[in-house]
2 protein chains.
Amino acid sequence: MGERYLKSVRLLAECLQGFERFVAEPVRRHGLTHPQFDIIATLGNTPGMTYKELGERTLITKGTLTGVIDRLEQKGLVERVRKCDDKRSFLVRLTATGDTLFHTVFPAVVAHGKLLFADYGDGDFEQLDHALHRLRTRLDAPDLATAVPGELRAGHVPADER
Amino acid sequence: MGERYLKSVRLLAECLQGFERFVAEPVRRHGLTHPQFDIIATLGNTPGMTYKELGERTLITKGTLTGVIDRLEQKGLVERVRKCDDKRSFLVRLTATGDTLFHTVFPAVVAHGKLLFADYGDGDFEQLDHALHRLRTRLDAPDLATAVPGELRAGHVPADER
DNA sequence: TATTGTTATACTCTATAACTATA
DNA sequence: TATAGTTATAGAGTATAACAATA
């Protein structure tokens, strides 16, 4: 139980949690849930995406995606557009209203984010990026996906390590 | 839109997302949802906690907590124990079964986590912790909670920055 | 046969607010 | 009056699997 890395995992979880809280309120303020915002943010400044692409970027499975897109379509924020080359699929893209919302939300997000990093210099960013990049690379490593027979996976810190 | 910090936020989100995926499968494997696991993990190696404490540690609001605890109680993993000093509240604590589950899940989690950090030395941990700790401290800063009049909050990266 | 997206089930979480019983 | 926890309401997300249309 005394593994060195637990402290780091705990810190990551706290940063994670902090961001989630940081995000949750303004997203709701715009009448969106987090997955809905995720879709709007992913579609912004693109010509549209298929379900497959959206699923890969947001990690929402196709069955769930149907419901999320449905609600966004009801709100008039996205639309489904037929592709000619493969009639099974189509593009989901922002409507004019959705595009307006995207361009309203994003500058606000960027401006507020600046507060969080107001005192960061180039070196600070490099340190943070370097540490995170290393971890992300490790998370993507193919050997991790297969190294585990069944039970063993990670992600939480016991109370007595905190 | 070209803010330097967006890259870091993106990386953090990817690490976050990676961990969530890393966690999701084994938790389900033990028949728990993420919030349920969060409760089990939080209660492990403690004499029990009140709703208030649990809510603070897990960020689950009291109304939701009732449902989560109900389901864990139905599974025989936790129990509600009356406190004598204040009859309004009680302790939630792991049952013997819950404690066994905790002690089954956690060693597995710890062992698997080791794979992720197999090549980390002391210096590597220090770099990661330092960068994350700084960010967490910033997230906790009181001026952030009040600096924002209404609309501006952070957390996502536009598609064209990726 | 494989893939894209839909539908159907069934559950879980969430926010919010009104409610109770204690304090 | 304030606090701890419950209940009620109304969404919304999730996994899973079976399904239709198309490739």
Side-chain angles (χ1 to χ4, degrees), chain A residues 17 20-21 23-43 48-75 77-93 153, chain B residues 17 20-43 48-75 77-93:
Chain A
Q17 221 171 24
E20 286 183 346
R21 292 176 88 176
V23 171
E25 189 237 329
V27 169
R28 277 202 308 277
R29 190 184 302 274
H30 285 277
L32 298 174
T33 65
H34 184 71
Q36 287 172 7
F37 179 74
D38 221 7
I39 299 296
I40 297 293
T42 303
L43 290 178
M49 288 184 197
T50 63
Y51 269 40
K52 184 170 183 174
E53 290 173 290
L54 278 173
E56 283 165 1
R57 283 175 181 265
T58 62
L59 300 182
I60 301 174
T61 56
K62 62 180 183 178
T64 302
L65 213 43
T66 298
V68 178
I69 300 298
D70 280 351
R71 282 167 219 117
L72 288 173
E73 200 170 32
Q74 281 165 21
K75 292 176 187 173
L77 299 174
V78 305
E79 59 191 351
R80 290 167 161 101
V81 183
R82 276 279 160 224
K83 286 170 66 181
C84 290
D85 52 328
D86 185 341
K87 287 179 183 168
R88 288 176 306 184
S89 72
F90 48 76
L91 292 180
V92 180
R93 73 177 181 203
R153 289 293 168 103
Chain B
Q17 218 171 25
E20 285 183 346
R21 292 175 89 175
F22 213 56
V23 170
E25 189 235 331
V27 169
R28 278 202 307 277
R29 189 185 303 274
H30 285 277
L32 299 174
T33 64
H34 184 70
Q36 286 171 8
F37 179 75
D38 221 7
I39 298 296
I40 297 293
T42 302
L43 291 177
M49 289 183 197
T50 62
Y51 269 39
K52 184 171 183 171
E53 289 174 291
L54 278 174
E56 283 165 2
R57 284 177 182 262
T58 61
L59 299 183
I60 300 175
T61 56
K62 62 182 183 180
T64 303
L65 213 44
T66 298
V68 177
I69 300 298
D70 280 351
R71 280 166 221 118
L72 288 173
E73 199 170 33
Q74 280 165 20
K75 291 176 187 173
L77 297 175
V78 306
E79 59 190 353
R80 289 168 160 101
V81 184
R82 274 280 160 224
K83 287 170 65 180
C84 292
D85 51 328
D86 185 341
K87 288 178 182 168
R88 288 174 305 182
S89 72
F90 49 77
L91 292 181
V92 180
R93 72 177 182 203

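- For the pair A/Tyr51 OH and D/dT22 P, the computed distance is 17 Å after rounding to whole Å.
- A/Lys83 places its NZ atom 15 Å from the P atom of C/dT3, with the value rounded to the nearest Å.
- Nucleic acid contact for A/Ser89: sugar-phosphate only, since backbone atoms but no base atoms lie under 4.0 Å from a heavy atom of the residue.
- B/Leu65 has its CG atom 14 Å from the C1' atom of C/dA15, to the nearest Å.
- Both B/Lys75 and A/Arg80 sit near DNA chain C, but only A/Arg80 has its closest nucleotide nearer the 5' end.
- Taking 4.0 angstrom as the limit, A/Arg82 places none of its side-chain polar atoms (N or O) nearer than this to OP1 or OP2 of C/dT4.
- Residue B/Gly67 is out of contact with every strand shown, counting any heavy-atom pair closer than 4.0 Å.
- To the nearest angstrom, P of D/dA10 lies 17 Å from CZ of A/Arg71.
- Nearest heavy atom pair, residue A/Gly55 against residue A/Leu65, reads N-CD2, 3.9 Å.
- Salt-bridge formation is not detected for the pair B/Asp70/B/Lys75: no Lys NZ or Arg NE/NH1/NH2 atom is positioned less than 4.0 Å from an Asp or Glu carboxylate oxygen.
- The shortest distance between the side-chain N/O atoms of A/Thr64 and the OP1/OP2 oxygens of D/dG13 is not below 4.0 Å.
- Straight-line distance from the CZ atom of A/Phe90 to the P atom of D/dT22: 13 Å, rounded to whole Å.
- Ranked by how close their nearest DNA chain D nucleotide is to the 5' end, B/Asp70 and A/Gln36 are led by B/Asp70.
- Counting heavy atoms from C-beta on, the side chains of A/Tyr51 and A/Val92 come closer than 4.5 Å.
- Counting heavy atoms of neighbouring residues, nucleotides and ligands inside a 6.0 Å radius, atom NZ of B/Lys52 does not exceed 12 of them.
- Expressed to the nearest 0.5 Å, how far CD1 of A/Ile60 lies from CD1 of A/Ile39 amounts to 4.5 Å.
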Expected string for nucleotides 18-23 of chain C under the B/S/- scheme (protein heavy atoms, under 4.0 Å, primed atoms plus P, OP1, OP2 as sugar-phosphate) is ----BS
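- No more than 12 heavy atoms of other residues, nucleotides or ligands lie within 6.0 Å of NZ in A/Lys87, so this atom counts as exposed by the packing criterion.
- Distances shorter than 4.0 Å separate none of the side-chain N or O atoms of B/Thr33 from OP1 or OP2 on C/dT12.
- Rounded to whole Å, the distance from CD1 on A/Ile60 to P on D/dG13 is 8 Å.
- One finds the CG atom of B/Leu43 at 5.0 Å from the CG atom of B/Leu54 (value rounded to the nearest 0.5 Å).
- Distance A/Gln74 CD to D/dG11 P: 11 Å, rounded to the nearest Å.
- Atom CZ in B/Arg28 sits roughly 13 Å away from atom C1' in C/dT12 (whole-Å rounding).
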